Amino acid sequence: MIDIQLLRNSIDTVAARLGTRGYELDVSGFEKLEKHRKDIQTTTEQLQSQRNAVSKQIGQAKARKDEALVGALMAQAADFGDKLKQMEVQNESVQARLREFVSLIPNLTHGSVPVGSRPEDCAEQRRWGEARKFDFAARDHVDIGAALGGLDFDTAAKLAGARFAVMKGGVARLHRALAQFMLDVHTTEHGYTEAYVPYMVSGACADGVSSLAKFKGDLFKIEDRDLYLIPTAEYPVTNFVRDEIVPLEKLPLKFVCHSPCFRSEAGAAGKDTRGMIRNHQFDKVELVQIVHPSQSYLAHEELTGHAEAILKKLELPYRVVTLCTGDTGFSAAKTYDIEVWLPGQNAFREISSCSNFEAFQARRMQARFRNDKGKTEPVHTLNGSGLAVGRTLIAVLENFQNADGSITIPAALRDYMGGAEKLSRP
RNA sequence: GGAGAGAUGGCAGAGUGGUCGAUUGCGGCAGACUCGAAAUCUGUUGUACCCGCGAGGGUACCGGGGGUUCGAAUCCCUCUCUCUCCGCCA
C-alpha cells in the first residue's frame, strides 16, 4: 500500500510517478472519496463522543440513584441512536471503499528505475561468464532430459495435465542437489536463517505482499477455504512479521526458504508451453530480508549479489537487468532480474527476480519497528529468488550438455551427487 | 472423530453490564539515593486512526465477525485458534 498521507498531501506528484509505470491514478475520484470520508468520519466520531458522554452520565446518575435524571438522559440518548447507527454504517462503507481504492494502487518506483515499458527500456547492469561455444548442435532441456530418461512430460500430463513435470533418476537427484546446494550457500556464506513454511496461506497474507483482489486469478485456491497455494515462499516468509513490531536490534531479518511454488499461469496460454520453463508447480529457493528503511537499497544490492553467487559457483553465464518502470511488479519499488544464458533457446531467460518493496508490503501487513524516537514505522521488505530451482536445472542441463547426450556435473554440485562427474542415461 | 477448558496490554494475571483503555505484579523507560552498581523509592510506559499550523482534542480496539443495550472486556449468536483427555493415524 502506498502511503495515504502522500496521496493526501501531494497527489499530483504521486499521479505523475505512477504514470511512468502506466498506471493512471483517478485523482478526482480519490479527492471526492477523501472529502466524503472526512465528512462522514468526523460527524460519526462526534456522535459517538456525545453518545459516550450521555451514557457516562446515565451511569453516574444511576450510581446516585437519581432516577429522574436517568429517565431524562435515557430519553435524550434514545434520540440519536438510530442516527449514529446509520452514520457508523456509512462510515464503515466509505472507509472500505477508500481502503480498496488505495490497496489497488501499485508502488511508486525508485528514482533509479529507468522509465519506459518496452523490453529495451530495461537497463542491463552487468554480464558474467561467457556463453559456451558448442561444436555440435546444442539441444534444449526437453531433448536432453528425454535422452537421459529423466524428464517426462507425458507422464506428468497423464497425472495432472499440461505445465507439470515428472523427474526421475539422476535428473531428479540433480534437482534436489541444486536446492540443497543453494540452501547451504545462503545459510553458511550469506547469513540467512533457513525456514520451513506452510505451502498455503490465508487471503490476508496474500494481500499483505500483493493485491489479492488484483492477482487472485494467478493463484490456486483451496476450495471452500480461505487458503491459497503459495506462488512463492515470499508469501509465507514475508508475513512472518505481519502485525508485529520488530525490535530495532533484531533487524535485519534474513530468511532463506526452499518451497514448491504454484501458479495458475492464467494469461500465459501458448507461452513457454514446451518443457519446464513455465509450469504450474516448480521449486524455488527464496531469499527474504526485513530491514531498516535506511538500509534497504544496500540490502537490495547485497541480496542480488547472493543470488548471483549461486550462478557463479555453478559457472552459469548470466546478466543482470534493472526492470523499467512499466515492467516493475505491482508491489516493487525496484527490481533486478537475473537472466541466465540458455543455449537451447539461444537467449537469456529470467532465473531470479530481486526486489525492494520499501514500505509497501509492510504497510499492508502492519509490519513495523520502533525507531530511535520510540515511534513505530513500517519496515522495508525485500526478496529474490536464489534461485528458481527448475530453471537452474534447465540451465545446467543446457550449458553442461555433451555431444554424447550426457551432462557434466558442475564441480560445485558433485558433493551432492555422490561425487559423480557426469550424468548419463542409465 | 468424540468430550471438556480457555483466548484480556511486552509477559503473568484480575475484572462478569456503568466514571474500564482496563486493578495488580514483573519487565521497559526516566528520576532520586550511590564514586559507580545492586537493592530501595518516585514517576512513567499499548496500538491504530481522525480533526488541528500548533497547543491540543476526538474515535476505535480486551482472539475475529455479528447481535442485545442509553452503555459491553463483561450478556447472546457465530467463526477461528490454543490447551487437556479419549479414539484413530503419516
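Values in this document were obtained by computation on a predicted structure and should not be read as measured data. Each chain gets a letter, A, B and so on, in the order the sequences are listed, and its residues count up from 1.
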Out of [options], which nucleotide sits closest to the side chain of [X]?
X        : options             : answer
A:Arg368 : B:A48, B:G71, B:G58 : B:A48
A:Ser55  : B:C50, B:U59, B:G18 : B:G18
A:Met74  : B:U47, B:U19, B:C70 : B:C70
A:Ile58  : B:A60, B:C70, B:C51 : B:C70

Problem set entry | Ion pair check, A:Arg349 and A:Glu398, cut-off under 4.0 Å |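 No.
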Problem set entry | Carboxylate-amine/guanidinium proximity below 4.0 Å for A:Arg37 and A:Glu34 |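 Here A:Arg37 pairs with A:Glu34 in a salt bridge, since their nearest N and O are under 4.0 Å apart.
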Exercise. Just how far is it from atom CG of A:Leu316 to atom CD1 of A:Ile351, taken to the nearest 0.5 Å?
Worked result: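 Answer rounded to 0.5 Å: 6.5 Å.
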May I ask you to say what [X] touches in the nucleic acid, namely base, sugar-phosphate or nothing, with a heavy-atom cut-off under 4.0 Å?
X        : result
A:Arg370 : sugar-phosphate
A:Gln41  : sugar-phosphate
A:Lys62  : base
A:Thr376 : sugar-phosphate
A:Glu88  : nothing

Please report, rounded to the nearest Å, how far the [atom2] atom of [N] is from the [atom1] atom of [X].
X        : N     : atom1 : atom2 : result
A:Gln366 : B:G46 : CD    : P     : 17 Å
A:Ile245 : B:A48 : CD1   : C1'   : 10 Å
A:Arg51  : B:A72 : CZ    : P     : 6 Å
A:Ile40  : B:G58 : CD1   : C1'   : 18 Å

For this session: Starting from the C-alpha separation in whole Å, work towards a yes-or-no answer on salt bridge (Lys or Arg N to Asp or Glu O under 4.0 Å) for A:Arg274 and A:Asp143.
Result: CA-CA 10 Å; A:Arg274 181 175 162 84; A:Asp143 292 341; 3.0 Å; yes
Does [X] have a side-chain nitrogen or oxygen under 4.0 Å from the phosphate oxygens OP1 or OP2 of [N]?
X       : N     : answer
A:Arg37 : B:C51 : yes
A:Ser49 : B:U59 : yes
A:Arg8  : B:C50 : yes
A:Gln5  : B:C50 : yes
A:Asn52 : B:G71 : no

Problem set entry | Closest-nucleotide 5' rank along RNA chain B - winner of A:Ile4 and A:Val54 |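 Checking each residue's closest nucleotide, the 5'-ward one belongs to A:Ile4.
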For this session: Return the 5'-most residue of the pair A:Gly59, A:Lys38 with respect to RNA chain B, ranking by each residue's nearest nucleotide.
Result: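 Looking at the nearest nucleotide for each, A:Gly59 comes out on the 5' side.
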For this session: Look at the side chain of A:Ser355 and the backbone N and O of A:Phe357, then say whether any donor-acceptor pair between them is shorter than 3.5 Å.
Result: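 No, A:Ser355 side chain to A:Phe357 backbone: no donor-acceptor pair under 3.5 Å.
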For this session: Kindly check if the number of other-residue, nucleotide or ligand heavy atoms within 6.0 Å of NZ (A:Lys250) is above 12?
Result: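 Counting neighbours around NZ of A:Lys250, 12 or fewer heavy atoms of other residues, nucleotides or ligands fall under 6.0 Å, so no.
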Exercise. Taking atom CD of A:Glu31 as the centre, does the number of heavy atoms from other residues, nucleotides or ligands within less than 6.0 Å exceed 12?
Worked result: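 More than 12 heavy atoms, drawn from other residues, nucleotides or ligands, come within 6.0 Å of this atom.
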Problem set entry | B:A60 versus B:G6 - spacing of their C1' atoms, nearest Å |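 After rounding to an integer number of Å, I get 26 Å for this pair.
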For this session: Rounded to whole angstrom, note down the C1' distance from B:G4 over to B:A12.
Result: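 Here B:G4 and B:A12 have their C1' atoms 25 Å from each other.
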Exercise. Can you tell which of A:Tyr196, A:Phe240, A:Tyr192 makes a ring-ring contact (aromatic ring centres under 6.0 Å, His included) with A:Phe255?
Worked result: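 So, applying the ring-ring contact (aromatic ring centres under 6.0 Å, His included) to A:Phe255 and each of A:Tyr196, A:Phe240, A:Tyr192, only A:Phe240 qualifies.
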Exercise. Taking a pair as Watson-Crick (N1 to N3 plus N6-O4 or O6-N4) or G-U wobble (N1-O2 and O6-N3), both under 3.5 Å, which stems of 3 or more consecutive pairs involve RNA chain B?
Worked result: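 For RNA chain B the paired stretches long enough to count as stems (3 pairs minimum) are B:1-7 with B:80-86, B:10-12 with B:24-26, B:27-32 with B:40-45, B:46-51 with B:56-61, B:63-67 with B:75-79.
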